[in-house]
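One structure below.
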Amino acid sequence: DGGITQSPKYLFRKEGQNVTLSCEQNLNHDAMYWYRQDPGQGLRLIYYSQIVNDFQKGDIAEGYSVSREKKESFPLTVTSAQKNPTAFYLCASSLVGSSYEQYFGPGTRLTVT
Amino acid sequence: DAKTTQPNSMESNEEEPVHLPCNHSTISGTDYIHWYRQLPSQGPEYVIHGLTSNVNNRMASLAIAEDRKSSTLILHRATLRDAAVYYCILRDDTDKLIFGTGTRLQVFP
């Protein structure tokens with residue numbers, strides 16, 4: 001089955017620790033995205049990548065880092081510099097172009113205490 | 001900033017049609033209108049998208065105004081499983097989706 005997987009579903013960390021969220025897709029999509037969602041809010045774009053070894057900052061990139069070494073994978077690192085890291089993180093992928101839909105993963109809920 | 005305006009919430013009874021409106025007065029000629037929906041604690045699910053003409057698929061219909069400054073997502077017969085937050089989004093040639101707060105649809109049996 002084709003799709004996007006995110007792991008783990010729930011993640012707990014202590015303040016001051018970096019944490020990496022996994023996102024893998026087997027849809028052969030060139031573009032991948034990371035979003036953050038806070039309770040009662042819409043999604044906000046953190047980073048996106050349209051091709052391997054290249055990525056761009058979204059609206060809220062501060063305190064986050066990404067890599068795109070393989071087409072299938074787009075891991076997100078939440079660093080200790082992110083002031084409010086507790087949130088629901090969603091990964092998506094699509095073909096490049098505004099006429100294509102994005103496919104979303106099931107999300108990772110990160111709690112930092 | 002979100003480029004679309006939607007009502008915060010709407011209600012419907014099961015098996016009735018639902019019309020979810022969206023205003024996008026600043027839309028440009030190459031922006032596609034996308035609709036997604038999201039159930040609690042899940043990732044958004046693609047519903048439908050269009051550019052100028054009305055569109056139909058197995059989930060819904062999308063009616064786009066002639067001047068493209070508004071659109072309406074139509075669920076022909078609402079079911080309890082259609083209860084979700086519906087997002088109307090403009091996707092431009094930067095390839096990004098800019099989400100607003102969406103419309104929370106409640107469906108009553």
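Lettering follows sequence order; numbering is per chain, from 1. For the numbers below, each heavy atom of this structure counts, side chains included, while hydrogens, waters and symmetry mates do not. This one's a predicted model, so the numbers in the text were calculated from it and none came from an experiment.
Taking chain B as the reference chain and counting heavy-atom pairs below 4.5 Å, the highest number among P106(A), G107(A), G58(A) is found for P106(A).
Under a hydrophobic-cluster definition in which Ile, Leu, Val, Met, Phe, Trp and Tyr are linked whenever side-chain heavy atoms come within less than 4.5 Å, directly or via other members, V18(B) and I33(B) are assigned to the same cluster. Using a 4.5 Å cut-off between side-chain heavy atoms of Ile, Leu, Val, Met, Phe, Trp and Tyr, with links allowed through other members, Y33(A) and V66(A) fall into different hydrophobic clusters. Linking ILVMFWY residues whenever their side-chain heavy atoms come closer than 4.5 Å, directly or via other members, places L76(A) and F55(A) in the same cluster. One hydrophobic cluster, built from ILVMFWY side chains closer than 4.5 Å, holds both L62(B) and V47(B). A continuous path of ILVMFWY side-chain contacts below 4.5 Å connects Y36(B) to L45(A), so both sit in one hydrophobic cluster.
Atom CZ of F88(A) is surrounded by more than 12 heavy atoms from other residues, nucleotides or ligands within 6.0 Å. For I51(A), the CD1 atom sits in a loose shell: 12 or fewer heavy atoms of surrounding residues, nucleotides or ligands are nearer than 6.0 Å.
Between R44(A) and F99(B) there is no side-chain heavy-atom pair separated by less than 4.5 Å. R91(B) places a side-chain heavy atom less than 4.5 Å from the side chain of Q102(A). A 4.5 Å side-chain heavy-atom check between Y103(A) and E45(B) finds every atom pair outside the cut-off. Counting only heavy atoms from C-beta outward, the side chains of L43(A) and L97(B) never approach each other to under 4.5 Å. Counting heavy atoms from C-beta outward, S98(A) and T30(B) have side chains that stay 4.5 Å or more apart.
Contact of R109(A) with chain B is made through the side chain alone, with heavy-atom distances under 4.5 Å. Looking at Q6(A), there are no atoms closer than 4.5 Å to chain B (heavy atoms on both sides), in backbone or side chain. In this structure, chain B has a heavy atom under 4.5 Å from the side chain of Q50(A), while its backbone stays farther away.
No donor-acceptor pair closer than 3.5 Å links the side chain of H34(B) to the backbone N or O of E101(A).
The distance from atom CD of Q38(B) to atom CG of L90(A), rounded to the nearest 0.5 Å, is 6.5 Å. Note that the NZ atom of K9(A) and the OG atom of S41(B) stand 7.0 Å from one another [nearest 0.5 Å].
Here Y46(B) and F104(A) keep their ring centres 6.0 angstrom or further from each other.
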